[in-house]
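Reading through the structure tokens given below for one structure.
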Amino acid sequence: MSNKLIITACISGAEVTKEHNPAVPYTVEEVVREAKSAYDEGASIIHLHVRTDDGKPTQNQDRFKECINAIKEACPDAIVQPSTGGAVGMSSEERLQPVNLNPEMATLDCGTCNFGGDEIFENTENMIIEFAQKMAEHNVKPECEVFDKGMVDMALRLQKKGYIKDENLHFDFVMGVNGGISATARDLVFMVGSIPSNCTWTAAGVGKNAFPIAAMTIVMGGHVRIGFEDNVYLEKGVLAKSNGELVAKVVKMAKLLGRDIASPKETREILRIK
Ligand code: KMH
Ligand code: ZN
């Protein structure tokens with residue numbers, strides 16, 4: 001299989017706001033601007049959360065449709081991966097709306113996690129089963145979002161039981177969330193060693209962990225997620241002007257470390273998206 005590096009740009013997120021970085025996109029025009037900046041620099045997957053124009057996170061199907069169509073016009077072959085995580089406190093019904101649009105991929109959050117303070121990001125086993133089944137009905141490739149090691153085991157168990165239909169699971173190790181696994185080399189090695197060899201994986205380091213985790217991932221043969229959802233700084237004390245700037249830094253790191261970047265077509269092949 002190709003050794004090329006897939007870059008996923010998580011351009012917006014539900015927790016990050018314009019107060020953190022004024023370039024965080026709310027309107028459709030801003031979403032397209034940020035998606036295109038990342039795509040132009042080498043991102044092949046756009047992980048997408050959407051908002052109302054005044055910045056409120058929403059999982060509204062029409063809003064997703066509008067944003068996805070506009071992104072596809074600007075970045076024709078990009079893989080747009082809607083979030084089914086939405087924001088903390090949303091119902092399953094609300095969160096699942098973008099799956100009705102039959103996207104190629106969507107996230108499947110594989111466990112409940114503390115999200116700092118009193119926030120709990122809830123994903124019970126039955127919820128995960130419901131989400132997995134709906135994705136299978138719509139032929140959507142799940143990206144298993146795992147915030148801790150037990151969530152890897154949950155995904156593998158539900159795959160074995162036939163609820164997650166995908167044969168070659170793709171994981172995203174989200175590391176450094178306040179309540180999840182730490183973003184250390186030790187824990188990344190532990191996560192990678194916990195998945196079967198037919199699986200693929202991406203890693204995302206939150207906040208100051210973003211580029212160290214990207215560097216480890218490039219060397220270890222995984223794939224990188226980068227973007228405002230996880231980190232708004234280009235370097236210490238310097239806000240990124242766009243998601244594209246963050247992607248460009250990962251591309252530069254990959255070049256230095258000897259990994260070529262996967263095109264959208266190559267990304268579909270590596271992830272076996274049918
Ligand atoms: N915003 C978090 C509560 C996902 O996109 O699937 C959930 C999240 C995960 O961002
Ligand atoms: Zn997300």
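This chain uses plain numbering: 1 for the first residue, then up along the sequence. All of these numbers come straight from a predicted model, not from anything done at the bench. When a ligand or atom number is given, it counts from 1 through the structure's own listing order.
Checked for salt-bridge contact, K18 and E30 meet the test: a charged N lies under 4.0 Å from a carboxylate O. Classification of D53 and R63 as a salt-bridged pair holds, one side-chain N sitting under 4.0 Å from a carboxylate O. Look at E269 and K265 and you find a salt bridge, because one of the NZ, NE, NH1 or NH2 atoms lies within 4.0 Å of a carboxylate O, short of that distance. A salt bridge links R268 and E104; the closest N-O separation between the charged side-chain nitrogens and carboxylate oxygens is under 4.0 Å.
Screening residues 190-233 for ring pair (Phe, Tyr, Trp, His ring centres under 6.0 Å), with sequence neighbours left out, gives F173-W201.
Where the criterion is an N or O separation shorter than 3.5 Å, residue side chain and backbone included, A87 fails it with respect to ligand 1.
Considering only heavy atoms from C-beta on, T217 stays 4.5 Å or farther from R259 through its side chain.
For ligand 1 and T107, the ligand atoms under 4.0 Å from any heavy atom of the residue are 4 (C), 5 (O), 6 (O). Here is the list of ligand 1 atoms found below 4.0 Å of a heavy atom in D109: 4 (C), 6 (O), 9 (C). Ligand 1 places these atoms under 4.0 Å from at least one heavy atom of H47: 5 (O). Within ligand 1, the atoms closer than 4.0 Å to a non-hydrogen atom of G85 are 4 (C), 6 (O), numbered from 1 in the order shown. Within ligand 1, the atoms closer than 4.0 Å to a non-hydrogen atom of H49 are 1 (N), 5 (O), 8 (C), 10 (O), numbered from 1 in the order shown. Taking every heavy atom of S83 and a limit of under 4.0 angstrom, the matching atoms of ligand 1 come to 4 (C), 5 (O), 6 (O).
Considering only residues two or more places apart in sequence or on other chains, E143 meets the salt bridge (charged side-chain N to carboxylate O under 4.0 Å, His left out) condition with none of them.
Residue contacts with ligand 1 leave out G13, since none of its heavy atoms falls under 4.0 Å from the ligand.
Protein heavy atom in closest approach to atom 2 (C) of ligand 1: E15 OE2, 3.4 Å. Among all non-hydrogen protein atoms, the one lying nearest atom 7 (C) of ligand 1 is F121 CZ, 3.4 Å. Given atom 10 (O) of ligand 1, the protein heavy atom at minimum distance is E229 OE2, 2.8 Å.
The Zn ion (ligand 2) is closest to atom OE2 of E229 (considering only N, O or S atoms).
At a threshold of 2.8 Å, the Zn ion (ligand 2) has no backbone or side-chain N, O or S atom of E145 nearer than that distance. Checking C10 against the Zn ion (ligand 2), every N/O/S atom stays at or beyond the 2.8 Å cut-off.
Counting only distance, with no hydrogens or angles, the side chain of D230 and the backbone of A210 share no donor-acceptor pair below 3.5 Å.
H47 contributes NE2 and H49 contributes NE2; the angle these two atoms make at the Zn ion (ligand 2) is 100°, rounded to 10°.
Within 6.0 Å of the CG atom in D54, the count of heavy atoms belonging to other residues, nucleotides or ligands exceeds 12.
A single hydrophobic cluster is seen to contain both I128 and Y163, as judged by linkage of ILVMFWY side chains at heavy-atom distances under 4.5 Å, directly or through other members.
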